[in-house]
> 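Below you will find the structure I want to go over with you.
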Amino acid sequence: MKRLTLGIPPYATDVTACSRCGNPVLLQDSWPLHGGGRICPDCVAEAVQAHQLTAATHRDLPS
């Protein structure tokens with residue numbers, strides 16, 4: 001899939017979708033991912049909790 005660009009820089013108030021859950025999120029309220037896309041604060045919190053639980057129980061992270 002080819003991405004179209006308009007040559008207009010994104011602004012902090014622009015809306016995008018979370019790459020994990022698909023919910024709309026402002027650029028200023030999301031974090032970029034290494035593979036492209038953005039992640040919302042709820043998904044970040046969920047991933048941190050999963051990592052903490054995994055570290056506490058010494059198990060592999062769920063897929």
> Test side-chain contact (heavy atoms from CB on, under 4.5 Å) on Thr16 and Val25; report intermediate values, then the result.
CA-CA 5 Å; Thr16 187; Val25 63; 3.9 Å; yes

> Once salt bridge (charged side-chain N to carboxylate O under 4.0 Å, His left out) is applied, what residue pairs with a partner in residues 44-55 remain, sequence neighbours excluded?
Arg20-Glu46

> Side-chain donor-acceptor contacts of residues 31-39 below 3.5 Å, not counting sequence neighbours, with atom names and distances?
| unit_1 | atom_1 | unit_2 | atom_2 | d |
| --- | --- | --- | --- | --- |
| Arg38 | NE | Ser30 | OG | 2.7 |
| Arg38 | NH2 | Leu27 | O | 3.1 |
| Arg38 | NH2 | Ser30 | O | 3.0 |

> What pair of heavy atoms forms the shortest contact from Cys40 to Cys18, and how long is it?
N-SG, 3.4 Å

